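Worksheet: the structure to be examined is printed underneath.
Predicted model only: the values in this text are computed from it and were never measured. Residues take their numbers from the sequence shown, with the count starting at 1. Numbering of ligands and ligand atoms starts at 1, following listing order.
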Amino acid sequence: MNNDRVLIFDTTLRDGEQCPGASMNLREKLEIARQLARLKVDIIEAGFPVISDGDFEAVHTIASEVKGPVICGLARCVPKDIEAAGKALLPAGEKGRIHVFLATSKIHREHKLKKANEEILRLVAEGVRQAKAFTADVEFSPEDASRTEPEFLAEVVQAAIEAGATTVNIPDTVGYAMPGQYADLITYLRNHVRDIAKAVISVHCHDDLGMAVANSLAAVQAGARQVEGTFNGIGERAGNAALEEVVMAIKTRPDVYAGLSTGIETREILKTSRLISRLSGLQVARSKAIIGENAFAHGSGIHQDGILKMRETYEIMDPVEVGWGGTELPLTKHSGRHAMVVRLEHLGFHLTEEEIASVFARFKELGDKKKFVYDDDLVALAGDSVAGDSGAYALQSLQVVCGGSAVPTADVTLSHHGKNVSVASPGNGAVDAAMKAIDKITGKSGHLAVYLVEAVTEGQDALGEVTLKVDFGDGVLITGKGASTDVIEASARAYVNAINRSLLMQQPKTGVTMPLV
Ligand code: KIV
Ligand code: ZN
C-alpha cells in the first residue's frame, strides 16, 4: 500500500447509527452508502450483522449494490457473530472486510468480560482466524485500547497480526485520550509490535472530551494510516471523529501532514453531510466546521471587506472545494420527470418507479408554488419518500379547518401496508389536531419536546422543514423531519417520520447481550 495515503473508514451506518434516535431504515442506509461511494471513502462499515435481521439485511444489500469502497461488517470475537458477518458480506467478494473486536483494558477485562489476559489473547487469535476463513481482509480492534496497559496492548496487537489481521485499529472507545499521549501510544506500538509493518494501523476516536479529531490527526502524524469516524461526527454519546474535519485538515495543511493525502472527493462533502443529517434526523450546528451554515459566512464588515479584496484574507479553504456555492441550475415546474430523476441520481437517490411517481407528483405541486426547485428541496422530498419504507406509515392527505371560532380539526389519511386509513380529530390548534389524528391511526401517543421550523432554501416561496423531537412515553427523544411549503403539512410529515423511527427502534435486536460502546 502507498504509505502516503490515509484511508478513510466511515462508520456512520454502524457507530453513527448507535446515536439515540438516529435509527435508519434499509432504504435510508442504502442511499447514504451510495453517497459515501461517490465521496470515495475507502471503507464503509455498514452494520453489525448479528445484532438484528435489519442490520444483517443492510450489510448484505450494501455489499451487493454499492461498488467501489470495501464493505465492512462488525463482529465480536464470537463464532455466531463472525459467521453472520461473513454471510452478510458474501456479495462483496474480495471487497468484504470483517471487523472483529474484543475489549482489552483492565476495567473491561475484570468487570465486563471477567477474563484473564491469556484468555483474551486466545480469543483474539481464534476470532481473527475464524474471520480469515471468510475473507482475507480482516480488521481487529482491542476495544478501549487507549486505557489498556501498553505492554498488554502490544501483545494483543501482535497476536491479531499473527492470526492474519491486515488492519489493527486502536480505539479510544470512551474518548479519554489526549493528542500527545495517543500519538505516543501509536509510536509505542510501532516500536514494540514485531510484525506491525504487516498491518495498517487504524484509529477510532470518540469525542467525549472534544478531542476526537485532534487525537486522530495526532495519530496520523505518528504513523496511523487509516482514520475511522463519521460525517457530521454523529455516533455513540458525544459522537465519533468528524471525518470532514480530518480530511480537510490533511488537505489544508500540507506543511504539517507532509506528503499525505486521502482519496476523498471533497466537493461531495456538503451533499453527504446534508443527506446524513436529513436521513438520520440529526441536525448539524450552524457553527460546525466545514459543513455548518455559518462555516463560511462572514459577519463583520472588516472581514467582508477583506474577503472582497482577497478571499484568502479570512478563508483558509475554498468553500467550493467542500461543495458550497455550486452553480447547479435549479429545476422548475417545466422540468420533466427525466430531468428530475437524473438530478436525484446525481444527489445519490436511486428510487423505485413507485417512489419516483410520488416524488414527481410532489415536485410538480412544489413547482406550481415556487419558481425554482433547488437540490435541497429535492433532497427533502426524496428523503420523505425513502423514509416511507415498507411497513412504515406515509401521509397521504391532510385537511385542516381552523381560525375564527371554529374548533381546529384535522382530517388525516395515512397509508400502512398498502391500506389507507382516514381519521378526523379536534385539537388545541392545527398542528395538535393533526398529531392527534395521526395518534388515533397509529396507536402512538407522542409528546413534543422540540418543534423547529426552518426554510430549506431561500426566499418567500421556500420549502419549510419542520424538525421535531418527540417522547413516546419512554423518555427517549426521537427526531422526525418533514418538508412542505405548508407548515402544518410539514409538521404532520415530521411527526409521521418520528413515529416510523420509533417503530424501527423497537425492532428486536438479537444476539448481543453486552452493551457496545
Ligand atoms: O468505540 C469502539 O471501541 C468501537 C469498536 C467496536 C471499534 O466502536
Ligand atoms: Zn466506536
TODO: Heavy-atom distances under 4.0 Å are what count here, so tell me which part of D15 touches ligand 1: side chain, backbone, both or neither.
DONE: side chain
TODO: Using a strict 4.0 Å cut-off to heavy atoms of E143, name the atoms of ligand 1 that fall inside it.
DONE: 3 (O)
Task: Main-chain N/O of Y393 paired with N500 side-chain donor or acceptor, under 3.5 Å - done: yes
Task: NE2 (H206) - the Zn ion (ligand 2) - NE2 (H204) angle, nearest 10° - done: 100°
Task: Region of R14 that comes within reach of ligand 1 [heavy atoms, distance under 4.0 Å] - done: side chain
- [ ] For P171, counting its heavy atoms only, list the atoms of ligand 1 lying under 4.0 Å from any of them.
- [x] 3 (O)
TODO: Taking only Lys NZ, Arg NE, NH1 and NH2, and the carboxylate oxygens of Asp or Glu, determine whether E465 and K481 approach each other closer than 4.0 Å.
DONE: yes
Open item on the list: Quick check: N169 and ligand 1, any N/O pair under 3.5 Å apart?
Closed with: no
Open item on the list: Please determine whether D15 has a backbone or side-chain N, O or S atom lying under 2.8 Å from the Zn ion (ligand 2).
Closed with: yes
Task: Distance in Å, F140 CZ paired with L102 CG, rounded so as to fall on 0.5 Å steps - done: 5.5 Å
Task: Per-atom contacts of ligand 1 with H206, taking only distances under 4.0 Å to non-hydrogen atoms - done: 1 (O)
- [ ] On the 0 to 90° scale, with breaks at 30° and 60°, tag the H206-H204 ring pair as parallel, tilted or perpendicular.
- [x] tilted
Open item on the list: Within this structure, what is the CG-CD distance for the pair L113 and E143, rounded to the nearest 0.5 Å?
Closed with: 8.0 Å
Task: Donor-acceptor pair between T12 and D10 side chains, under 3.5 angstrom - done: yes
Open item on the list: Checking contacts here: is it the side chain or the backbone of E236 that comes within 4.0 Å of ligand 1, counting heavy atoms only? Could be both or neither.
Closed with: neither
Open item on the list: Regarding N294 and S287, do their side chains bring together a donor and an acceptor under 3.5 Å, going by distance alone?
Closed with: no
Open item on the list: Is H99 close enough to touch ligand 1? Criterion: a residue heavy atom under 4.0 Å from a ligand atom.
Closed with: yes
